[in-house]
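In what follows, a single structure is set out as structure tokens and then discussed.
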Amino acid sequence: MRNYTKLTPEGVRDVLFEECRALGEARRRLRELFTRRGYREAMTPGLEYYDVFNLPGAAIPQQEMYKAVDSAGRLLVFRPDSTLPMARMAAARLQSHRRPIRLYYGQSVYRSWPALSGRGHEAAQMGVELLGAGGLRADLEVICTAVEALRAVAGDFRLELGHGGLFRLLAGRLAMAPGLREEIRSTIEAKNYGALGELLDPLGDSPEARAVRLLPRMFGGEEVFDQAEGLGLDGPARETLDYLRSLYMSLKKLGLGGRLMVDLGLVQRNDYYTGVVFSGYVHEQGGPVLTGGRYDGLCGRFGPEMPAAGFAMDLDAAAQLLLPQLPPEEPAQVLVHGEPGYETEAQQALLRLTGQGVPCEGSVWESLEEAIQYAAQGGIPRVLRVGQSTEEIVVERGARV
């Protein structure tokens with residue numbers, strides 16, 4: 001039987017040194033941004049009941065969740081999504097809190113993706129949730145916060161806008177089973193025109209079927225709205241397009257026109273999105289580094305109805321973007337070496353120096369010569385020898401003793 005003691009499970013990895021620094025820097029920048037905008041930090045457990053993620057219309061595919069069983073035999077999952085637990089927590093803990101509720105989080109999610117998908121099974125995320133507020137003002141706040149989050153980690157980016165309600169309205173007018181609807185959603189998301197046509201052909205040539213067929217092709221700037229006029233949509237579908245256009249124009253006034261795209265095929269895999277949806281992209285990353293949208297019907301699955309919107313940023317992608325920008329990490333400035341019998345005094349000297357803000361290391365070597373050799377190899381410029389007397393020794397980089 002193979003021994004796995006030195007391996008990590010498929011889809012996860014160890015993170016070392018500079019990548020940890022980049023992750024820390026991404027968290028610091030986003031935390032400062034979210035706090036300045038009035039969001040307060042919250043955390044949900046890494047383990048949740050399976051029922052939280054198995055709600056009608058908000059379900060995450062069972063095969064994508066890591067599962068466990070508690071001592072009472074109840075089915076648990078490792079958190080596969082952060083929005084659903086945040087909605088659960090708001091319903092359970094924050095019903096008396098004044099509206100709107102502004103939350104931000106930094107935590108990992110766990111999803112079992114198909115082989116060769118290129119996605120890790122553990123993903124660190126930071127994001128915000130704006131609960132208890134709807135309409136244009138709330139959507140602008142969430143999207144502008146997302147834009148600032150992208151600016152915090154990337155010099156160049158683009159934001160794609162869509163609407164989760166448009167596909168739902170069109171699909172609701174077509175006679176199809178829920179499984180077929182999700183299959184159609186996946187092909188639209190992948191912009192697989194051939195597969196989409198095959199799925200829609202049996203549904204006839206209604207205006208709704210023609211509109212769904214064209215959704216993944218409707219991508220670009222303001223001209224997309226003019227193209228959508230030709231779909232002949234009316235009622236709620238037309239109102240949805242009009243709202244999306246007004247949101248686009250508002251964002252354009254904020255100077256985002258050159259970074260803004262419209263994608264009516266942006267239908268997000270999570271079916272709980274009811275309104276605007278958006279994704280953030282940067283040139284250095286293949287997939288989106290940020291996704292979000294409005295999910296007005298979700299909180300009502302756990303308690304009273306409450307409008308809500310939010311987004312999550314992929315921290316691993318953010319760290320990769322920041323990694324080239326990090327200044328070199330400076331080595332310790334002093335290696336404190338205690339002569340035999342003066343180990344305690346050496347620790348006292350180390351505490352005194354670090355308390356003054358001096359980066360230090362403690363020597364674990366028996367001899368002063370070994371300590372000096374270690375300092376020379378590591379670029380530590382000084383050795384402080386602590387014994388009957390204290391002596392500072394200047395070390396030449398790369399010197400051999």
Side-chain angles (χ1 to χ4, degrees), residues 12-43 79 81-83 86 102-111 113 117-130 139-162 251-252 254-261 263 266 268 270 276-293 309-330:
V12 299
R13 64 190 182 92
D14 298 316
V15 182
L16 295 172
F17 311 140
E18 296 305 299
E19 282 189 271
C20 287
R21 286 182 63 209
L23 278 168
E25 178 63 14
R27 289 190 180 98
R28 183 192 67 78
R29 294 186 185 192
L30 294 175
R31 186 178 294 113
E32 288 183 0
L33 166 64
F34 299 155
T35 302
R36 286 197 305 268
R37 283 184 163 262
Y39 290 83
R40 301 174 66 186
E41 188 171 16
M43 297 174 64
R79 179 180 53 231
D81 173 87
S82 286
T83 298
M86 286 289 168
R102 290 180 170 88
L103 304 175
Y104 82 85
Y105 59 85
Q107 55 194 32
S108 292
V109 295
Y110 304 87
R111 299 281 280 269
W113 299 106
S117 68
R119 301 184 182 186
H121 294 188
E122 178 183 11
Q125 295 181 339
M126 283 192 77
V128 306
E129 310 293 350
L130 178 62
D139 284 347
L140 281 173
E141 175 177 326
V142 171
I143 294 173
C144 288
T145 305
V147 167
E148 291 306 304
L150 288 166
R151 282 184 172 141
V153 300
D156 191 18
F157 64 89
R158 77 172 190 272
L159 192 74
E160 294 183 1
L161 283 181
L251 292 168
K252 192 174 178 181
L254 293 172
L256 294 174
R259 300 182 183 275
L260 208 55
M261 303 292 285
D263 186 357
L266 191 61
Q268 300 287 32
N270 291 332
V276 60
V277 291
F278 52 90
S279 296
Y281 293 84
V282 297
H283 290 308
E284 297 88 343
Q285 300 287 325
V289 300
L290 180 149
T291 58
F311 68 83
M313 173 170 278
D314 182 339
L315 272 185
D316 294 316
Q320 289 300 314
L321 293 167
L322 290 177
L323 197 56
Q325 305 174 30
L326 292 179
E329 190 169 25
E330 293 186 9

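Fair warning: this is a prediction, and the values are worked out from it, not measured in the lab.
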Problem - Residue pair E25 / Q325, side-chain donor-acceptor N/O under 3.5 Å - result: no

Problem - L159/L150 under side chain to side chain contact (heavy atoms under 4.5 Å, CB included): CA gap, chis, key distance, verdict - result: CA-CA 9 Å; L159 192 74; L150 288 166; 4.2 Å; yes

Problem - Working for side chain to side chain contact (heavy atoms under 4.5 Å, CB included), residues Q285 and D314 - result: CA-CA 11 Å; Q285 300 287 325; D314 182 339; over 6 Å; no

Problem - Side-chain heavy-atom pair V128, L103 within 4.5 angstrom cut-off - result: no

Problem - L322 and R29, any side-chain heavy atoms less than 4.5 Å apart - result: yes

Practice task
Starting from the C-alpha separation in whole Å, work towards a yes-or-no answer on side chain to side chain contact (heavy atoms under 4.5 Å, CB included) for H121 and Y110.
Solution key: CA-CA 5 Å; H121 294 188; Y110 304 87; over 6 Å; no

Practice task
First locate atom CG of L266, then atom CE of M261, and finally report the distance between them rounded to the nearest 0.5 Å.
Solution key: 12.0 Å

Completion exercise
To the nearest 0.5 Å, atom CZ of F311 lies from atom CG of L130 at 10.5 Å

Handout entry: Worked check of salt bridge (charged side-chain N to carboxylate O under 4.0 Å, His left out) between R158 and E160
Key = CA-CA 7 Å; R158 77 172 190 272; E160 294 183 1; 2.8 Å; yes

Practice task
Look up atom CD1 in I143 and atom CG in L161, then write down how far apart they are to the nearest 0.5 Å.
Solution key: 5.0 Å

Problem - Close side-chain approach of L30 and L315, heavy atoms under 4.5 Å - result: yes

Handout entry: Beyond-backbone contact of M86 with M43, side-chain heavy atoms, under 4.5 angstrom
Key = no

Practice task
Flag the pair L254 / C144 as yes when at least one side-chain heavy-atom distance between them is below 4.5 Å, and no otherwise.
Solution key: yes

Practice task
Quick one: do F34 and Y104 satisfy ring-ring contact (aromatic ring centres under 6.0 Å, His included)? Show the steps, please.
Solution key: CA-CA 7 Å; F34 299 155; Y104 82 85; 5.7 Å; yes

Exercise for the section: For the residue pair L23 and D316, establish whether any side-chain heavy-atom pair is separated by less than 4.5 Å. Expected result: yes

Exercise for the section: Could you grab the distance from atom OH of Y39 to atom OG1 of T145, nearest 0.5 Å is fine? Expected result: 4.5 Å

Practice task
Take R111 and R119 through the side chain to side chain contact (heavy atoms under 4.5 Å, CB included) test and state the conclusion after the steps.
Solution key: CA-CA 9 Å; R111 299 281 280 269; R119 301 184 182 186; over 6 Å; no

Problem - Qualifying residue for side chain to side chain contact (heavy atoms under 4.5 Å, CB included) with R37, from E32, E148, R102 - result: E148

Fill in the blank from the handout: Between E129 and G310, the two heavy atoms sitting closest are OE1-CA, 3.5 Å

Problem - Approximate separation, where rounding is to 0.5 Å, of M313 CE and T291 OG1 - result: 10.0 Å

Exercise for the section: Quick one: pull up OG1 in T35 and CD in E41 and give me the separation to the nearest 0.5 Å. Expected result: 7.5 Å

Exercise for the section: Please name the pair of heavy atoms, one in V153 and one in L321, separated by the smallest distance, quoted to 0.1 Å. Expected result: O-CB, 3.5 Å

Problem - Within-4.5 Å side-chain heavy-atom neighbours: L140 and L251 - result: yes

Practice task
Could you tell me which non-hydrogen atom of R27 sits nearest to which non-hydrogen atom of M126, and how far apart they are?
Solution key: CA-SD, 3.6 Å

Exercise for the section: List the atom of A146, the atom of F278, and the distance in Å for their closest heavy-atom pair. Expected result: CB-CE1, 3.8 Å

Handout entry: Residue pair S108 / Q125, side-chain donor-acceptor N/O under 3.5 Å
Key = no

Practice task
Using the six-membered ring of F157, assess whether NZ or CZ of R259 lies under 6.0 Å from its centre and within 45 degrees of the ring axis.
Solution key: yes

Handout entry: Nearest heavy atoms of E18 and L326, plus distance in Å
Key = O-CD1, 3.8 Å

Fill in the blank from the handout: What one should report as the nearest heavy-atom pair of S82 and R79 is OG-CD, 4.2 Å

